[in-house]
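Working notes for the structure below.
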Amino acid sequence: MKRKLFPYFLVLPTMIVIILFNVYPILRMLYQSFHQWNMINDMQFIGFDNFIKLASDKVFLQSLGNTFYFVFWNVLLCTGLGLLLAVFLQKNTRFNRFLQSISFFPYVVSLASVSLLWSWIMNKDYGLLNYVISFFGITSQDWLGSPGLAMNSIILISVWKSVGFNVLIFISALQRIPKYIYEAAILDNSGSFQFFRKITLPMISPTLFFITIINIINSFKIFETVQILTRGGPLNSTRTIVYEIYEEGTLFFNVGYASAMGVVLLVILAILTIIYFKTQSKRVQYQ
Amino acid sequence: MGSIELKNITKSYDNKKNVIEDLNLKIPDGSFTVLIGPSGCGKTTTLRLIVGLEEPTSGEVYIDDKSMEKVEPGDRDIAMVFQNYALYPTMNVRENIEFGLINNKVKKEERDKLVTEIAEIVGLEDFLQKKPGELSGGQRQRVALARAMVKKPKVFIMDEPLSNLDAKLRAQMRIELSELHQKMNTTFVYVTHDQTEAMSMATNIILMNDGAIQQHDTPEKLYEDPANLFTAEFIGSPSMNTYEINEIPDYNPPIPEAKYVGFRPSAAEVILNSTSEKMNKNDLIIKVKIITREYLGSEIIYNCESGFGKVYFKTFQKEDMSDENEITLYLPEQKLFYFDEEGKRVHI
Amino acid sequence: MKIVKKSSHLILSLFIFIVFFFPFLWMFSSSLKTLGETLQFPPTLFPEDWQWLNYVDAIQSMPFWNFLTNSLIVTLTTIILQFITTITAAYAFARYRFVGEKVMFGLVMVSMMVPGQLTFLTIFVMFAEWEIINTLPTLILPFAISAFGIFMLRQTFRSIPNEIIEAAKLDNATEFTVIRKVMLPMAIPTLVTLGLLTFIGTWNEYFWPLVLTTNNDARTLPVGIVAMINAEDGTNYHTMMASNVLLVIPILIIYLFAQRHIIKAFTYSGGR
């Protein structure tokens with residue numbers, strides 16, 4: 001009997017943490033989203049009112065749009081540039097490994113550090129970036145302060161930070177392609193672009209797919225750079241879903257309303273996660 | 001010290017078909033007993049039941065007449081050498097050998113003495129600080145042996161210990177294991193599917209098939225005096241030629257129960273002038289056509305076709321007979337084995 | 001043709017180097033300038049006079065040691081707790097068959113995909129009800145397990161041949177001895193990977209300590225530093241960069257020493 005209970009004893013701490021900090025908060029968020037509550041008054045059931053309000057909340061809809069804009073460009077650039085750099089660095093030489101570890105370093109540095117660093121580089125009066133672009137005859141820009149540019153600057157910083165991770169994953173996928181395929185292609189006299197299109201790309205396409213989904217999921221969580229650099233401004237042009245939940249929930253204490261926003265994010269992430277797991281189980285079968 | 005007895009052992013996994021059914025066997029103290037049989041015959045399961053890594057569905061295991069029902073594997077005074085050696089990869093050779101001693105709370109000085117002694121016997125003195133990953137296959141094998149020997153067990157169990165070695169090393173280890181058995185004077189139980197290993201080392205062979213014992217005997221008896229068709233066909237290489245008697249033309253069985261007849265490839269005499277007469281009415285004469293000739297150096301194996309099936313025979317005559325259109329094989333009565341309908345041996 | 005190819009390769013390499021490395025160099029250089037020098041345009045590449053005192057100013061302008069202590073406690077405790085929970089849970093999932101196992105493991109996998117960005121609000125409310133906001137446990141407890149670690153370690157435990165464990169049993173080892181002397185040593189590379197990932201992740205964590213704290217008591221370095229800079233309106237870029245260097249240094253040191261390990265760890269975490 002004691003032996004029968006032993007495994008339960010072993011997984012108990014893990015289960016408590018998961019139930020307390022994953023399962024329960026999600027369920028409670030769902031519950032709260034149907035209520036009006038500001039943490040002071042009693043919770044009040046209001047049905048779908050929060051969601052109806054969301055559908056016509058201009059700021060929320062804008063933050064939703066901003067998030068999608070960010071996700072699209074961030075994923076496209078991270079994946080695309082990552083793949084290009086990986087192809088450029090794929091040969092396993094000391095020099096390439098050095099460049100790879102340089103390009104990966106921003107990824108292991110805190111987003112807070114990266115944001116502070118770029119707030120300095122992108123300073124509109126004394127920033128390095130404006131100095132650099134002056135060589136190309138471009139006038140100084142207010143990178144983080146103009147509504148048309150701020151989100152693009154956030155994307156730039158985000159790509160700079162994360163592209164190294166993509167490079168890493170792509171290089172490991174590229175290096176898994178057996179050598180003899182390259183050798184066969186050399187004997188077949190194939191051009192390098194054709195080789196990339198016909199052989200490399202199909203062979204790393206599972207990796208390409210997975211890294212894209214991981215990038216999408218991670219991009220939807222965009223928050224830190226926004227909070228540190230722009231606080232959602234100027235003119236809400238960098239306001240994102242998570243930032244909106246944060247402000248609504250922990251600054252204005254509209255917990256019910258913020259929970260409803262959380263539910264929207266939950267649905268988006270759940271769909272992506274299901275796609276991720278579905279395709280992952282398929283990939284396991286291939287191996 | 002070290003006799004083993006299995007009484008009415010039945011074993012099944014997940015209530016499926018029995019892997020072993022009503023098995024009874026006695027392994028005498030000090031013997032080198034080899035369990036042999038085709039894969040899936042239950043020999044490894046039998047071994048694991050003795051060690052205690054599996055529990056029988058019913059029946060009991062006795063070691064030195066003591067029931068092992070409630071005795072943990074570690075307390076059975078048994079040591080085991082695994083097929084893949086199962087060395088602890090993170091420990092060096094010394095730690096691998098010592099591990100069991102430490103668990104049994106053997107004192108440090110005593111441990112050092114034992115390890116040095118055993119390392120010398122198996123020739124590992126220079127490798128005690130190495131990790132298994134740095135050793136060759138043969139050296140790993142020796143570590144596995146040393147780890148088993150150091151506990152001075154009553155019973156030594158080996159599960160296909162040589163199967164991962166190359167042919168030359170295997171031949172060498174066979175000799176070393178035999179010597180070791182003589183030196184240590186304990187019971188060895190050894191599982192293999194390789195009959196050369198079984199025949200060369202064993203004092204007793206237990207031949208198994210389909211979870212049941214086919215024959216338990218000395219190597220000589222197993223070869224010379226097989227109890228049934230299965231044993232006759234399993235032991236010996238190439239295996240015994242066997243035929244249904246009524247398919248052989250002009251041959252009448254000497255006893256009515258005999259349904260099958262067989263002879264060893266080495267028993268056939270070649271007669272080139274084909275007009276030979278039977279010296280005895282039960283002798284067998286067959287005409288065959290040679291298909292292939294396998295030259296093995298000291299001997300030659302011919303693979304032939306007769307009207308009623310394949311015939312292998314072995315000869316030491318070096319001249320090539322492949323060009324002969326047809327040759328005649330002569331089998332005297334005393335070289336023939338008869339079996340009844342169930343495959344049981346019948347004697348004249 | 002070859003020369004063109006080679007030199008274009010070199011130029012591109014240099015470009016990669018500058019894009020990814022120069023900002024850090026710039027950070028370091030700026031951290032040693034005077035306020036006046038940072039406000040020069042065009043900027044100077046190297047400081048005219050190296051102002052090491054900027055670091056002292058940075059540290060004194062905030063409860064730095066308090067933040068550092070919080071960071072260290074949170075990071076180390078998280079790693080230790082994760083080791084304990086991960087090892088025990090992974091061992092159970094790898095070596096036992098029990099009722100509800102599949103459901104529980106499914107929960108672990110699902111929890112891997114539930115980000116703090118979804119749960120922080122309710123957890124904040126929950127901790128507020130428990131009246132433990134602004135204490136360190138709020139930053140540690142939710143991360144006391146690592147779903148990824150359990151997944152990874154379970155694979156490692158499963159890949160250990162059964163024969164080795166049986167051999168240990170025959171060597172009269174108790175289950176505890178088997179775990180401690182046989183299985184854990186074999187899992188060390190996995191534990192190092194997990195430890196590195198957790199260290200980097202927790203040390204860098206900004207989101208969680210930001211949303212779960214309302215004052216400096218429990219703030220860790222990243223949140224603390226940013227909060228202090230925001231409080232003073234963020235124009236002192238020289239001390240801001242000095243603080244930033246202090247924040248990056250531990251990661252840089254670990255990266256220099258364990259770079260291969262870290263790259264492998266992240267490859268594994270994403271390449272599944």
Side-chain angles (χ1 to χ4, degrees), chain A residues 6-8 10-11 13-15 17-18 21-23 25-26 28-29 32 39 85 88 95 99 101-106 108-113 116-117 119-121 123 125-126 128 131 164-165 168-169 172 211 214 221 223-224 227-228 242 245-246 249-250 255 258-259 262 265-266 269 273, chain C residues 12-13 16-17 20-21 23 26-27 30 38-43 85 88-89 91-93 96 98 104 107-108 111 113-115 117-119 121-125 128 141-142 144-145 150 200 204 206-207 210-211 222 225-226 229 237 240-241 244 247-248 251 255 259 262-263 266-267 270-271:
Chain A
F6 189 58
Y8 295 101
L10 290 176
V11 297
T14 299
M15 285 303 128
V17 171
I18 287 179
F21 298 114
N22 286 294
V23 178
I26 294 289
R28 182 159 165 176
M29 178 174 79
Q32 281 168 176
M39 289 182 75
L85 286 179
F88 181 69
F95 185 67
L99 282 181
S101 59
I102 292 283
S103 72
F104 186 63
F105 186 59
V108 295
V109 168
S110 158
L111 254 175
S113 292
L116 289 179
L117 173 56
S119 78
W120 171 220
I121 291 174
N123 183 290
D125 300 316
Y126 318 107
L128 181 67
Y131 178 62
F165 178 65
L168 187 82
I169 302 299
S172 94
I211 194 78
I214 290 175
K221 302 176 198 162
F223 171 82
E224 286 90 337
Q227 194 268 339
I228 296 171
V242 178
I245 299 173
Y246 161 75
T250 61
V255 176
S259 294
L265 183 59
L266 173 69
L269 291 180
T273 306
Chain C
L12 195 52
S13 299
I16 295 173
F17 179 80
F20 289 104
F21 188 70
W26 185 242
M27 166 174 86
S30 305
T38 57
L39 302 184
Q40 273 174 29
F41 199 84
T85 57
T88 50
Y91 183 78
F93 285 126
Y96 282 91
F98 51 98
M104 290 195 216
L107 268 182
V108 171
S111 80
M113 306 307 286
V114 177
Q117 282 83 353
L118 276 181
T119 54
L121 191 57
T122 28
I123 292 180
F124 180 84
V125 172
L141 289 178
I145 66 141
I150 291 172
I200 293 171
N204 287 341
Y206 178 80
F207 176 77
L210 173 79
V211 296
I225 286 177
V226 174
I229 287 166
Y237 282 106
M240 187 205 239
M241 287 306 114
N244 210 356
L247 195 56
V248 173
I251 295 290
Y255 193 66
Q259 195 196 103
I262 290 173
I263 288 194
F266 277 97
T267 310

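The aromatic rings of Trp120(A) and Trp26(C) sit parallel, their planes meeting at an angle under 30°, below the 60° perpendicular limit.
The nearest pair of heavy atoms linking Pro7(A) to Ala92(C) is O-CB, 3.9 Å. When every heavy atom of Asn204(C) is checked against every heavy atom of Val108(A), the shortest pair comes out as ND2-O, 2.7 Å. Of all heavy-atom pairs between Leu116(A) and Ile225(C), the closest is CD1-CG2, 4.1 Å. Nearest heavy-atom pair, Pro23(C) versus Leu117(A), reported as atom, atom and distance to 0.1 Å: O-CD1, 3.4 Å. Among all heavy-atom pairs drawn from Asn22(A) and Ser111(C), the shortest one is ND2-CB, 3.5 Å. In this structure, Phe20(C) and Pro106(A) approach most closely via the heavy-atom pair CD2-CG, 4.0 Å.
Chain A forms the most heavy-atom pairs under 4.5 Å with one residue out of Ser30(C), Pro115(C), Pro142(C), Ala128(C), and that residue is Pro142(C). Ranking Thr119(C), Leu39(C), Val226(C) against chain A, the residue ahead of the rest is Leu39(C), based on heavy-atom pairs under 4.5 Å. Contact count versus chain A (heavy atoms, under 4.5 Å) is highest, among Pro222(C), Ala144(C), Ser13(C), for Ser13(C). When Ile245(A), Val23(A), Thr273(A), Ile102(A) are compared by the number of non-hydrogen pairs under 4.5 Å with chain C, Ile102(A) comes out ahead. Highest contact tally toward chain A, considering only Thr85(C), Val114(C), Leu118(C), is held by Leu118(C) [criterion: heavy-atom pairs under 4.5 Å]. In terms of heavy-atom pairs under 4.5 angstrom with chain A, the leader among Ile16(C), Ile150(C), Ile200(C), Leu210(C) is Leu210(C). The candidate from Asn244(C), Ile123(C), Ile251(C) with the greatest count of non-hydrogen atom pairs under 4.5 Å with chain A is Asn244(C). The most heavy-atom pairs under 4.5 Å with chain C, out of Leu111(A), Asp125(A), Leu85(A), Leu128(A), come from Leu128(A). Between chain C and the options Leu265(A), Val255(A), Val109(A), Thr250(A), the largest number of non-hydrogen pairs under 4.5 Å is found for Val109(A).
For the pair Ser101(A)/Ile263(C), a side-chain contact is recorded, criterion being any heavy-atom separation below 4.5 Å from C-beta on. Within the 4.5 Å cutoff, the side chain of Gln117(C) has no heavy atoms near those of the Leu269(A) side chain. In this structure, the side chains of Tyr206(C) and Gln227(A) come closer than 4.5 Å at one or more pairs of heavy atoms. By the 4.5 Å heavy-atom criterion applied to side chains, Val11(A) and Val108(C) are not counted as neighbours. Side-chain contact between Ile145(C) and Ile18(A) is present, with at least one heavy-atom pair separated by less than 4.5 Å. Between Tyr126(A) and Pro43(C), every side-chain heavy-atom pair lies at or beyond the 4.5 Å cut-off. Looking at heavy atoms from C-beta onward, Met15(A) lies in side-chain contact with Leu107(C) at the 4.5 angstrom threshold. Looking only at side-chain heavy atoms (C-beta outward), Phe21(C) and Phe105(A) stay at 4.5 Å or farther from each other.
Residue contact with chain C, scored on non-hydrogen atoms closer than 4.5 Å, involves the backbone and the side chain of Leu266(A) alike. With a threshold of 4.5 angstrom between heavy atoms, Phe223(A) approaches chain C through side-chain atoms but not through N, CA, C or O. Contacts between Tyr96(C) and chain A at a heavy-atom distance below 4.5 Å involve the side chain alone, from C-beta outward. In this structure, chain C has a heavy atom under 4.5 Å from the side chain of Asn123(A), while its backbone stays farther away. Contact annotation for Met241(C): only side-chain heavy atoms (C-beta onward) come within less than 4.5 Å of a heavy atom of chain A.
If you look at Phe98(C) and Tyr8(A), their ring centroids are closer than 6.0 Å.
Summarising the geometry, atom CE belonging to Met240(C) is positioned 3.5 Å from atom OG belonging to Ser119(A); distances are rounded to the nearest 0.5 Å.
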